[in-house]
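Read the structure below first, then the notes.
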Amino acid sequence: MRCLKEEFFKKLAKKVALELLGQYLIRECHGFKVVVRIVEVEAYLGAKDKASHAYGGRRTKRNNAMYQRGGVFYVYKIYGLYHCLNVVTGINNSPQAVLIRAVEPIEGIERLRKNRATKTDKNLTNGPGKLTQAMEINSSFNSQSVENKELYFSRGEKIKINQIIKAPRINIDYAEECKDLLLRFYLKGNKFISAK
DNA sequence: TGTCCGATTGGT
DNA sequence: CCAATCGGACAG
């Protein structure tokens with residue numbers, strides 16, 4: 001098992017985002033193990049990025065994890081209903097992160113089905129709020145290191161650059177000129193890409 | 001203290 | 001298209 005160390009994340013968010021595609025995310029606990037493959041991500045760049053929670057250097061209770069070192073999770077609740085999973089990148093006090101938007105089940109799909117009532121398996125993990133629900137990821141992982149026994153990454157196959165689609169990020173209409181930046185990355189033709 | 005709203009989702 | 005649903009951001 002080649003577990004990704006914190007070191008992997010101490011780079012610019014855009015670079016980490018591209019490199020995370022194709023890597024595995026593993027959720028393990030007493031009694032179960034779920035392995036998924038990352039197929040869609042978004043990079044959030046920091047103080048100058050109007051789409052980011054840290055725009056303008058805002059530091060609040062919610063986004064505090066973004067100001068920690070690269071290699072910790074940033075998990076927040078949205079719409080009072082769902083959780084979004086991010087990994088902080090870069091160095092301390094450089095609030096960048098990568099949002100995990102969609103994943104493909106590899107192992108332990110029964111557990112995912114148990115956690116989300118859906119008609120199709122595609123609908124288990126093809127969105128940021130869906131995958132956290134299916135994988136039992138909540139705020140308890142906020143600020144936790146990626147070198148963690150219950151939620152961590154491991155090496156997947158290398159992805160060829162021509163298999164990666166670059167697109168504008170989703171649901172950030174408020175971000176003015178930043179909304180058109182091509183910071184959403186996903187695997188071409190993958191079945192588990194989020195809607196839109 | 002009070003009001004407003006979202007890096008989403010599911011159901012019309 | 002719109003409601004669900006609530007912690008937290010922010011104004012006063």
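Chain naming here is simple, since letters A, B, ... match the order of the sequence lines and numbering starts at 1 in each. Below, all heavy atoms of this structure are taken into account, side chains as well, without hydrogens, waters or symmetry copies.
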Please report the distance, rounded to the nearest Å, between [atom1] in [X] and [atom2] in [N].
X        : N      : atom1 : atom2 : answer
A/Lys77  : C/dT5  : NZ    : C1'   : 8 Å
A/Ile170 : B/dT8  : CD1   : P     : 8 Å
A/Arg101 : B/dT9  : CZ    : P     : 7 Å
A/Arg116 : B/dG10 : CZ    : C1'   : 9 Å
A/Ile78  : B/dG10 : CD1   : P     : 14 Å
A/Arg169 : B/dG6  : CZ    : P     : 16 Å

Answer with base, sugar-phosphate or nothing: what part of the nucleic acid does [X] contact at a heavy-atom distance below 4.0 Å?
X       : value
A/Arg62 : sugar-phosphate
A/Leu81 : base
A/Gly80 : base
A/Leu99 : base

inquiry  = Is the shortest side-chain heavy-atom distance between A/Ile159 and A/Leu187 below 4.5 Å?
reply    =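 A side-chain contact exists here, since the closest heavy-atom pair is under 4.5 Å.
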
ask   = Side chains of A/Arg37 and A/Asn190: closer than 4.5 Å at any heavy-atom pair?
value =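 SC-SC contact between A/Arg37 and A/Asn190 confirmed.
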
request  = Please state whether the phosphate of C/dG8, meaning OP1 or OP2, lies under 4.0 angstrom from any side-chain nitrogen or oxygen of A/Thr60.
outcome  =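 Answer no for this pair, as no side-chain N or O of A/Thr60 is under 4.0 Å from OP1 or OP2.
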
request  = Examine B/dA7: is either OP1 or OP2 under 4.0 Å from a nitrogen or oxygen in the side chain of A/Asn171? Give yes or no.
outcome  =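 A/Asn171 to B/dA7 OP1/OP2: no side-chain N or O under 4.0 Å.
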
request  = Could you check which nucleotide pairs with B/dC5 in any of the strands shown, counting Watson-Crick or G-U wobble with both distances under 3.5 Å?
outcome  =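 In the structure as shown, B/dC5 has C/dG7 as its Watson-Crick or wobble partner.
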
ask   = Relative to the ring of A/Phe153, is the ring of A/Phe9 parallel (under 30°), tilted (30 to 60°) or perpendicular (over 60°)?
value =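 Because their plane-to-plane angle lies in the 30° to 60° range, the rings of A/Phe9 and A/Phe153 count as tilted.
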
key: 5'-most by nearest nucleotide on DNA chain B - A/Asn123 or A/His53   =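 Upstream on the strand: A/His53.
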
inquiry  = Could you go through A/Leu183 and A/Leu45, starting from their C-alpha distance and side-chain angles, then the distance that decides it, and tell me whether this counts as side chain to side chain contact (heavy atoms under 4.5 Å, CB included)?
reply    = CA-CA 9 Å; A/Leu183 292 173; A/Leu45 304 188; 3.8 Å; yes

message = Using 0.5 Å steps for rounding, measure from the OH atom of A/Tyr82 to the NZ atom of A/Lys77.
response =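 One gets 11.5 Å once the value is rounded to the nearest 0.5 Å.
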
key: ring centroid sep under 5.5 Å plus plane angle under 30, A/Tyr82 with B/dT8   =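 Stacking is absent between B/dT8 and A/Tyr82, given that the ring centres and planes do not meet under 5.5 Å and under 30°.
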
